[in-house]
K.L.:
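Sharing a structure below in structure tokens format, with a few things to ask.
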Protein chains: 2
Amino acid sequence: MEQTAIRPQKGLPLYLQLKQMIQAQIASGVMHPGDRVPSERELSDRFGMSRMTARQALLELVREGFLYREQGRGTFVAHRKVNQGLLGVTSFTDDMRLRGVVPESVALDQVLELADAEAREQLQLDIGAMVVRLKRLRLGDGRPMALEEAILPAHFVEGLEDHPLDKDFSLYAYLRERGILFQRAHQTLEAVLAEGDQSQFLGVLPGAPLLLLERLSFRQDGQPMEFVRAYYRADRFKFFVDLNQG
Amino acid sequence: MEQTAIRPQKGLPLYLQLKQMIQAQIASGVMHPGDRVPSERELSDRFGMSRMTARQALLELVREGFLYREQGRGTFVAHRKVNQGLLGVTSFTDDMRLRGVVPESVALDQVLELADAEAREQLQLDIGAMVVRLKRLRLGDGRPMALEEAILPAHFVEGLEDHPLDKDFSLYAYLRERGILFQRAHQTLEAVLAEGDQSQFLGVLPGAPLLLLERLSFRQDGQPMEFVRAYYRADRFKFFVDLNQG
DNA sequence: AAGTGGTCTAGACCACCGA
DNA sequence: CGGTGGTCTAGACCACTTG
């Protein structure tokens with residue numbers, strides 16, 4: 001832990017600068033798993049900040065799994081960072097890129113319609129509300145990966161009808177640009193067998209195993225904003241998630 | 001938000017008392033989704049605590065999804081609490097109980113042996129290390145739900161060999177009693193088809209869909225401590241998870 | 001301009017742990 | 001015992017939102 005510059009308001013809050021510095025030391029191997037990190041008092045002395053500021057940096061790193069603390073002993077570098085950050089809500093596009101696969105979408109259907117009972121229930125809409133329904137075939141490196149249907153309240157996506165949905169278009173990037181962000185999602189996964197349409201679009205035999213994913217996403221204020229039902233080819237897709245706390 | 005007693009050191013830290021009070025008001029319906037919660041300054045005034053203390057209560061409730069904040073506007077009650085707390089590592093036993101199903105286990109096999117290559121890789125063990133291998137059939141309300149194999153480093157579970165593994169025995173409760181806690185887990189899910197042994201134990205036809213779950217659990221210090229591979233009957237089990245942050 | 005959350009300070013006492 | 005993290009105080013200035 002060298003005395004690199006950390007002091008001034010160079011745009012970034014102090015605690016974030018400290019956090020990044022510690023993170024860098026772990027990543028670069030300067031500090032090893034099990035090593036003790038300097039105490040809150042030591043950090044605040046060394047970098048001329050208050051103890052609460054150093055504390056905030058350490059606590060965030062603990063929450064993110066880089067460090068762990070033991071009462072009365074100290075703060076230590078965690079042993080193996082479990083797949084950093086994959087606790088977040090991911091989009092198909094990001095997901096594929098992360099795996100080094102080139103994502104692609106083919107729009108099969110795209111309609112503006114009255115929300116049916118299921119959509120109203122999931123998205124908590126009133127009778128008469130309109131929704132956009134997007135049916136897409138998802139490709140990875142040009143091969144069919146998943147058949148996906150997304151339903152969103154129409155007011156979130158005005159103008160989307162004129163948007164090209166093919167190629168590497170990401171619905172999530174589109175929403176991000178418009179300032180619409182997810183905060184939380186509830187997701188279920190089950191195993192089903194391919195039938196009818198599904199096997200044709202995905203290029204598998206009827207009876208092949210599929211992973212059925214259903215996801216309801218919420219905005220920051222807790223309002224539901226997207227319901228997705230997607231069928232993934234089991235031989236090409238494995239879902240993973242990191243869980244915290246015991 | 002009434003002026004109930006909150007002041008003194010009645011065992012519980014101040015910020016936890018405040019947190020619980022706010023949580024109770026949300027649960028009881030006194031405060032509704034979208035309602036503004038008193039500001040940090042207002043809370044600190046009203047309850048005679050410092051702003052940082054009130055802030056700590058609010059920030060924890062935000063992290064847990066009960067509240068959300070908007071810069072310059074205030075702190076608000078979130079709209080729908082997404083399955084409270086199900087971000088955690090769950091055991092089969094807890095999971096079933098949560099769903100109102102009576103869990104049961106039948107031990108099929110239980111051996112102490114040399115760790116093979118896969119076990120060493122997953123659990124980061126050296127050559128020559130011993131592991132305990134537990135094979136169990138999991139029942140819910142008396143019906144087969146899953147076929148599960150767990151592998152643990154032998155030094156975590158000394159004495160387990162003499163333990164009855166049937167009935168409602170929970171490996172996790174056993175470990176909890178011995179002070180061994182999980183902090184984090186990495187889990188993957190995929191869809192497969194039942195074959196051989198699996199279909200017999202689970203009571204399904206070969207070719208029936210199964211949900212294959214693999215989980216690697218870590219202790220607080222980041223050391224891996226259990227690897228589980230479980231096959232769930234797709235018609236009786238749906239996996240769900242809540243994700244944070246977009 | 002007034003109110004909010006975001007950051008930060010310079011102290012304090014406590015419970016817990018190790019030597 | 002000294003050092004650690006856990007809690008807490010009473011202030012401060014900032015950026016942001018709203019009227």
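Residue numbers begin at 1 in each chain, while the letters A, B, ... track the order of the sequences.
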K.L.:
For the side chain of Arg41(B) and the base of dG5(C), is some donor closer than 3.5 Å to an acceptor across the two?
P.N.:
yes

K.L.:
Examine dG5(C): is either OP1 or OP2 under 4.0 Å from a nitrogen or oxygen in the side chain of Arg55(B)? Give yes or no.
P.N.:
no

K.L.:
Just to be sure I understand the rule, does Thr75(B) reach a base, reach only the sugar-phosphate, or reach nothing, if contact means heavy atoms closer than 4.0 Å?
P.N.:
sugar-phosphate

K.L.:
When the nearest nucleotide of DNA chain C is assigned to Arg36(B) and to Gln56(A) on a heavy-atom basis, which residue is associated with the more 5' position?
P.N.:
Arg36(B)

K.L.:
Hey, does Leu123(A) have a side-chain heavy atom less than 4.5 Å from the side chain of Leu216(A)?
P.N.:
yes

K.L.:
Quick one: is Tyr15(B) getting a side-chain N or O under 4.0 Å of the dT7(D) phosphate, OP1 or OP2?
P.N.:
yes

K.L.:
With the side chain of Pro13(A) defined as its heavy atoms from C-beta on, choose the nearest nucleotide among dT7(C), dT4(C), dC8(D).
P.N.:
dT7(C)

K.L.:
I want to check something: taking the side chain as every heavy atom from C-beta on, are Leu59(B) and Arg69(B) in contact at a cut-off of under 4.5 Å?
P.N.:
yes

K.L.:
Please state how far atom CE in Met52(A) lies from atom P in dG11(D), giving the value in whole angstrom units.
P.N.:
17 Å

K.L.:
Nearest whole Å is fine: how far is dG3(C) C1' from Arg73(B) CZ?
P.N.:
12 Å

K.L.:
Is there a donor on the side chain of Arg51(B) or the base of dG6(C) sitting less than 3.5 Å from an acceptor on the other?
P.N.:
yes

K.L.:
Quickly work out the Glu40(A) CD to dA12(C) C1' distance and round it to whole Å.
P.N.:
14 Å

K.L.:
Under the 3.5 angstrom rule, does the side chain of Glu113(A) hit a backbone N or O of Arg133(A) as a donor-acceptor pair?
P.N.:
no

K.L.:
Rounded off to whole Å, could you give me the CG-to-P distance for the Leu58(A) and dT7(D) pair?
P.N.:
15 Å

K.L.:
Is any side-chain N or O of Arg69(A) under 3.5 Å from a base N or O of dG6(D), one able to act as donor and the other as acceptor?
P.N.:
no

K.L.:
Please check the phosphate of dT9(C) (OP1 and OP2 only) for any side-chain N or O of Thr53(A) closer than 4.0 Å.
P.N.:
yes

K.L.:
Glu42(B) side chain: which of dT7(C), dC8(D), dT4(C) is closest?
P.N.:
dT4(C)

K.L.:
Determine the contact category for Gln71(B): base if any of its heavy atoms lies under 4.0 Å from a base atom, sugar-phosphate if only primed atoms, P, OP1 or OP2 are that close, otherwise nothing.
P.N.:
base

K.L.:
Given atom CG of Leu59(B) and atom P of dT7(D), what is their separation to the nearest angstrom?
P.N.:
14 Å

K.L.:
Does dT4(D) have OP1 or OP2 sitting under 4.0 Å from an N or O in the side chain of Ser39(A)?
P.N.:
yes

K.L.:
Between atom CG in Leu43(A) and atom C1' in dT4(D), what is the gap in whole Å?
P.N.:
13 Å

K.L.:
Could you give the distance from CG (Leu14(B)) to CD (Gln56(B)), rounded to the nearest 0.5 Å?
P.N.:
10.0 Å

K.L.:
Within this structure, what is the CE-to-C1' distance between Met49(A) and dG11(C), rounded to whole angstrom?
P.N.:
17 Å

K.L.:
If you measure from CZ on Arg55(A) to CG on Leu18(A), what distance do you get to the nearest 0.5 Å?
P.N.:
13.5 Å

K.L.:
Nearest whole Å is fine: how far is dC14(C) P from Leu16(B) CG?
P.N.:
19 Å

